[in-house]
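Chain letters run A, B, ... following the sequence lines, proteins first and then strands; every chain starts at 1.
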There are 2 protein chains.
Amino acid sequence: MLMAATVQSLPMIEQDHPCFGCAVRELAICGSLESAALREFKANGPAADYEAGETVVYEGDRAANVYTLTSGLLRLSKLLPDGRRQIAGFLFPGDFLGITMEEEHAFTAEAVASSSLCRFPRRQFDDFVADHPELERRLYAVAAHELAAARQQLVLLGRKTATERIASFLLMLASRCHSMGSSEEIDFPMSRADIGDYLGLRIETVSREITALKTGRLIQLTGRHSFRIVDRDRLEQLAEG
Amino acid sequence: MLMAATVQSLPMIEQDHPCFGCAVRELAICGSLESAALREFKANGPAADYEAGETVVYEGDRAANVYTLTSGLLRLSKLLPDGRRQIAGFLFPGDFLGITMEEEHAFTAEAVASSSLCRFPRRQFDDFVADHPELERRLYAVAAHELAAARQQLVLLGRKTATERIASFLLMLASRCHSMGSSEEIDFPMSRADIGDYLGLRIETVSREITALKTGRLIQLTGRHSFRIVDRDRLEQLAEG
DNA sequence: CGACGGATTGAAGCACCTCAACGGGAGTGG
DNA sequence: CCACTCCCGTTGAGGTGCTTCAATCCGTCG
């Protein structure tokens with residue numbers, strides 16, 4: 001019954017629809033479009049694939065395209081002149097890349113793992129959005145959500161300790177990569193360097209803090225890029241300071 | 001001629017219009033509405049005044065209203081359980097308060113200096129926006145801009161040194177409080193504590209760094225809450241690392 | 001005048017960084 | 001199959017930039 005309700009809330013599409021079978025349709029902005037409009041939309045957005053490490057857009061590039069991530073993981077980052085790097089966020093499947101009214105991308109987007117995207121020419125995308133208020137609405141909701149997330153990250157970077165940052169990060173992973181479930185195994189493809197650049201820490205500190213959480217039996221490491229939450233309560237307590 | 005062009009780009013309003021003489025109309029989202037729509041809009045948004053230190057909205061409050069700041073200065077902040085505070089941003093005249101699709105405000109908004117706002121019931125505001133695509137567009141632009149600013153602040157908090165943070169902050173003040181002009185005096189009403197909580201530093205560090213910039217002849221302190229940029233080039237160099 | 005709050009200055013401590021060595025899994029080549 | 005290398009992650013020891021604690025200064029207000 002619950003599942004039926006979920007499905008019911010989505011516009012139905014046909015088996016021959018180009019978006020039929022898309023795993024992230026309901027998550028992505030596409031989810032706000034009904035079948036015919038979605039078909040027209042998708043006609044402008046062919047797939048584009050990137051291997052881990054490849055760059056999707058460079059900071060400073062003209063923002064000629066916008067994207068929807070269908071699978072994989074991207075990082076949004078910025079480099080200071082001397083090489084210091086800050087990752088402003090990760091994009092998960094269903095996330096939208098290209099929230100801006102500026103001419104240029106403000107951040108570099110790179111594939112952390114091999115990723116697939118739907119790529120839309122910005123011009124056509126804008127025109128299409130102008131004709132579809134429901135899409136405009138959805139875009140605003142996405143922007144508002146991203147803004148809240150970025151501001152939450154400001155609290156982490158400005159005021160939390162290394163331990164609190166790592167705990168917050170692991171909980172974020174748990175909520176984004178998974179459908180809850182307390183003791184499930186959580187995979188994350190990003191390196192310790194990526195984690196450090198996201199949390200404003202050095203890789204050595206990331207490593208030490210993760211080890212400490214493992215030693216304290218808050219988490220269990222099931223691999224270098226996967227873990228299990230053992231004591232969610234204590235982890236949440238830690239994360240909030 | 002230049003002025004005429006600027007005025008021309010704005011929808012004209014009449015002398016008896018409730019928004020006639022509003023100093024921030026062109027800056028605020030209101031700037032996207034033509035006279036009649038703006039009149040209808042303003043009918044739902046009476047003025048509300050707050051003294052320095054008063055709270056406009058509390059984190060966790062139901063988001064029953066949205067606001068446009070017409071004068072003064074607000075801070076958006078969040079408190080950790082043990083009292084640590086992070087300021088996510090400042091709102092200047094013309095800025096919009098209430099970018100969210102959530103039911104509750106994620107941040108507390110307080111007046112740094114005595115401030116005036118136009119207050120709109122959220123429900124009516126949403127309805128009005130739904131009827132005015134140009135306003136929806138403008139809201140999206142505002143959200144995208146705020147998102148870019150927040151992400152830029154992530155770089156500052158995650159990777160910049162205390163000196164670089166202060167330099168960046170002073171330049172931000174210069175660009176937001178003023179119409180450029182190199183050696184103008186810049187006033188800022190926020191306390192050292194506010195600055196520290198915005199930059200992820202303690203007030204002692206803020207004080208020391210400001211003193212250092214003064215000693216190094218990069219800036220000149222003209223009062224406890226005002227300064228002048230002496231060497232903008234070096235200040236910008238510092239700010240970028 | 002004294003008291004108060006915000007800002008500055010000084011001295012000592014510590015959380016995280018830096019530098020350096022080591023470990024372990026994946027790929028390669030014999 | 002083992003030997004080798006490379007890359008990434010872990011661990012250790014020492015350094016440092018910012019914090020913490022504390023005293024002083026200064027403008028405002030009663």
Side-chain angles (χ1 to χ4, degrees), chain A residues 51-53 75 80 82-87 112-114 156-170 187-216 219-227 238 241, chain B residues 51-53 75 80 82-87 110 112-113 156-170 187-216 219-227 238 241:
Chain A
E51 289 306 308
R75 60 175 176 247
L80 292 180
D82 65 356
R84 280 175 288 175
R85 184 179 69 150
Q86 178 65 36
I87 293 180
V112 174
S114 66
L156 182 147
L157 290 179
R159 289 300 178 210
K160 288 190 181 178
T161 66
T163 308
E164 291 161 1
R165 294 181 199 199
I166 295 290
S168 302
F169 175 71
L170 296 178
D187 291 303
F188 57 98
M190 58 283 268
S191 68
R192 300 296 190 264
D194 286 336
I195 299 174
D197 285 344
Y198 179 58
L199 300 178
L201 301 170
R202 315 265 74 231
I203 61 177
E204 296 94 332
T205 305
V206 172
S207 183
R208 279 185 252 267
E209 294 297 335
I210 290 182
T211 302
L213 290 180
K214 183 185 70 177
T215 308
I219 62 169
Q220 175 189 356
L221 287 184
T222 55
R224 276 183 161 176
H225 294 279
S226 64
F227 71 102
L238 258 190
Chain B
E51 289 306 308
R75 59 175 177 248
L80 291 180
D82 65 356
R84 280 174 287 175
R85 184 178 71 149
Q86 178 66 35
I87 292 180
E110 295 153 310
V112 173
L156 181 148
L157 291 178
R159 288 301 177 210
K160 288 191 182 177
T161 66
T163 309
E164 290 161 0
R165 293 182 199 199
I166 295 290
S168 302
F169 175 70
L170 296 179
D187 291 303
F188 58 96
M190 57 283 266
S191 68
R192 299 298 189 264
D194 286 335
I195 298 173
D197 286 344
Y198 179 59
L199 300 178
L201 301 170
R202 316 265 70 235
I203 60 175
E204 296 93 332
T205 305
V206 172
S207 183
R208 278 185 253 270
E209 294 297 336
I210 290 182
T211 302
L213 290 180
K214 183 185 71 176
T215 307
I219 62 168
Q220 175 189 355
L221 288 183
T222 55
R224 275 184 160 172
H225 294 278
S226 64
F227 71 103
L238 258 190

**Report entry** Lys160(A)/Leu80(B) under side chain to side chain contact (heavy atoms under 4.5 Å, CB included): CA gap, chis, key distance, verdict
**Finding:** CA-CA 9 Å; Lys160(A) 288 190 181 178; Leu80(B) 291 180; 4.2 Å; yes
Query raised in the report: Are the side chain of His225(A) and the backbone of Met190(A) linked by a donor-acceptor contact shorter than 3.5 Å?
Result: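 Confirmed, His225(A) side chain pairs with Met190(A) backbone.
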Query - Separation of Ile219(B) CD1 from Thr211(B) OG1 (nearest 0.5 Å) - result: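 With rounding to 0.5 Å, OG1 (Thr211(B)) is 8.5 Å from CD1 (Ile219(B)).
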Can you see if the side chain of [X] gets near the phosphate of [N] - specifically, an N or O under 4.0 Å from OP1 or OP2?
{"X": "His225(A)", "N": "dG9(D)", "value": "yes"}
{"X": "Ser191(A)", "N": "dC8(D)", "value": "no"}
{"X": "Arg202(B)", "N": "dT20(D)", "value": "yes"}

Round to a whole Å and report the spacing from [atom1] of [X] to [atom2] of [N].
{"X": "Leu221(A)", "N": "dC8(D)", "atom1": "CG", "atom2": "C1'", "result": "15 Å"}
{"X": "Arg159(B)", "N": "dC18(D)", "atom1": "CZ", "atom2": "P", "result": "13 Å"}
{"X": "Ile203(B)", "N": "dT24(D)", "atom1": "CD1", "atom2": "P", "result": "17 Å"}
{"X": "Asp197(B)", "N": "dT19(D)", "atom1": "CG", "atom2": "P", "result": "11 Å"}

**Report entry** Asp194(B) vs Arg85(B), side chain to side chain contact (heavy atoms under 4.5 Å, CB included): CA-CA, chis, key distance, verdict
**Finding:** CA-CA 9 Å; Asp194(B) 286 335; Arg85(B) 184 178 71 149; 2.8 Å; yes
Query raised in the report: Quick one: how far along DNA chain C does chain B reach, first to last nucleotide 5' to 3', anything under 4.0 Å to a heavy atom?
Result: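 On DNA chain C, the outermost contacted nucleotides are dG6(C) to dA11(C).
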Requested in this report: Could you walk me through whether Leu156(B) and Glu164(B) pass side chain to side chain contact (heavy atoms under 4.5 Å, CB included), step by step?
Outcome: CA-CA 8 Å; Leu156(B) 181 148; Glu164(B) 290 161 0; over 6 Å; no
Requested in this report: Scan Thr163(B), Thr161(B), Leu170(B) and name whichever one has a side-chain contact (heavy atoms from CB on, under 4.5 Å) with Glu209(B).
Outcome: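 Going through the options one by one, the only one that passes is Thr163(B).
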Report task. Would you mind telling me which residue lines up with the more 5' stretch of DNA chain D, Glu209(B) or Glu204(B), judged by nearest nucleotide? Result ->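 The answer here is Glu209(B).
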Requested in this report: Check whether the side chain of Arg208(B) and the base of dT20(D) form a donor-acceptor pair under 3.5 Å.
Outcome: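 Flag set: donor-acceptor pair detected.
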Report task. Identify whether any heavy atom of Gly223(B) sits under 4.0 Å from a base atom; if not, whether one sits that close to sugar-phosphate; answer base, sugar-phosphate or nothing. Result ->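 Nothing, no heavy atom under 4.0 Å.
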Query raised in the report: Which part of the nucleic acid, if any, lies within reach of Arg224(A) when heavy atoms closer than 4.0 Å are counted: base, sugar-phosphate only, or nothing?
Result: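 Base contact - Arg224(A) has a heavy atom under 4.0 Å of at least one base atom.
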Report task. Please report the C-alpha distance between Leu157(B) and Gln86(B) in whole Å, then the side-chain angles of each, then the deciding distance to 0.1 Å, and finally whether the side chain to side chain contact (heavy atoms under 4.5 Å, CB included) criterion is met. Result -> CA-CA 11 Å; Leu157(B) 291 178; Gln86(B) 178 66 35; 3.7 Å; yes
